[in-house]
Amino acid sequence: MKNEVEEWKDIRDFEGLYQVSTFGRVKSLERTAIGKGGGKWLRKEKILNPFTDKKGYLHVDLYRNGQTSHKSVHRLVAEAFILNP
């Protein structure tokens with residue numbers, strides 16, 4: 001059996017916020033978050049729990065500037081790791 005190393009890359013348009021791995025895992029990076037009232041707190045890095053759609057595909061919700069983006073995990077992996085000139 002081959003010992004593979006998990007490689008992480010930034011998700012396009014979410015650089016510095018989220019990364020995707022060669023194993024299909026998505027993580028939120030550690031950062032300082034600012035609430036609506038102006039309060040700040042530290043958000044620790046964590047692996048996101050994907051959910052499955054009715055066709056069996058895994059999805060995650062990514063957040064940036066108060067907006068939610070619904071993303072397919074397989075598409076994130078492909079965009080990050082497969083060359084498409």
Starting at [atom1] of [X], measure out to [atom2] of [Y] and round the result to the nearest 0.5 Å.
| X | Y | atom1 | atom2 | answer |
| --- | --- | --- | --- | --- |
| Ser69 | Asp61 | OG | CG | 8.5 Å |
| Trp41 | Thr32 | CH2 | OG1 | 10.0 Å |
| Leu76 | Gln19 | CG | CD | 12.0 Å |
| Leu58 | Leu48 | CG | CG | 12.0 Å |
| Tyr57 | His74 | OH | NE2 | 5.5 Å |
| Ile47 | Glu45 | CD1 | CD | 6.5 Å |

Would you check if [X] and [Y] make a side-chain contact, meaning some heavy-atom pair closer than 4.5 Å?
| X | Y | value |
| --- | --- | --- |
| Phe51 | His70 | yes |
| Leu62 | Val26 | yes |
| Thr22 | Glu4 | no |

* Looking only at heavy atoms, which two atoms of Pro50 and Val73 are closest? And how far apart? -> CB-CG2, 4.4 Å
* Could you pull out the closest heavy-atom pair between Glu7 and Phe81, with the gap in Å? => O-CZ, 3.5 Å
* Test side-chain contact (heavy atoms from CB on, under 4.5 Å) applied to Glu79 and Val20, step by step -> CA-CA 10 Å; Glu79 289 172 1; Val20 64; over 6 Å; no
* Counting only heavy atoms not in Arg75, do more than 12 fall under 6.0 Å of its CZ? -> no
Taking [X] for its side chain and [Y] for its backbone only, find out whether a donor-acceptor pair lies under 3.5 Å.
| X | Y | result |
| --- | --- | --- |
| Arg25 | Phe23 | no |
| Arg64 | Leu17 | no |
| Asp53 | Lys55 | yes |

* Who are the salt bridge (Lys or Arg N to Asp or Glu O under 4.0 Å) partners of Lys9, not counting sequence neighbours? -> none
* Asked: Any cation-pi pair here, Arg43 with Tyr18, using under 6.0 Å and within 45°?
  -> no
* Exercise: do Glu6 and Ser21 side chains pair donor with acceptor under 3.5 Å -> yes
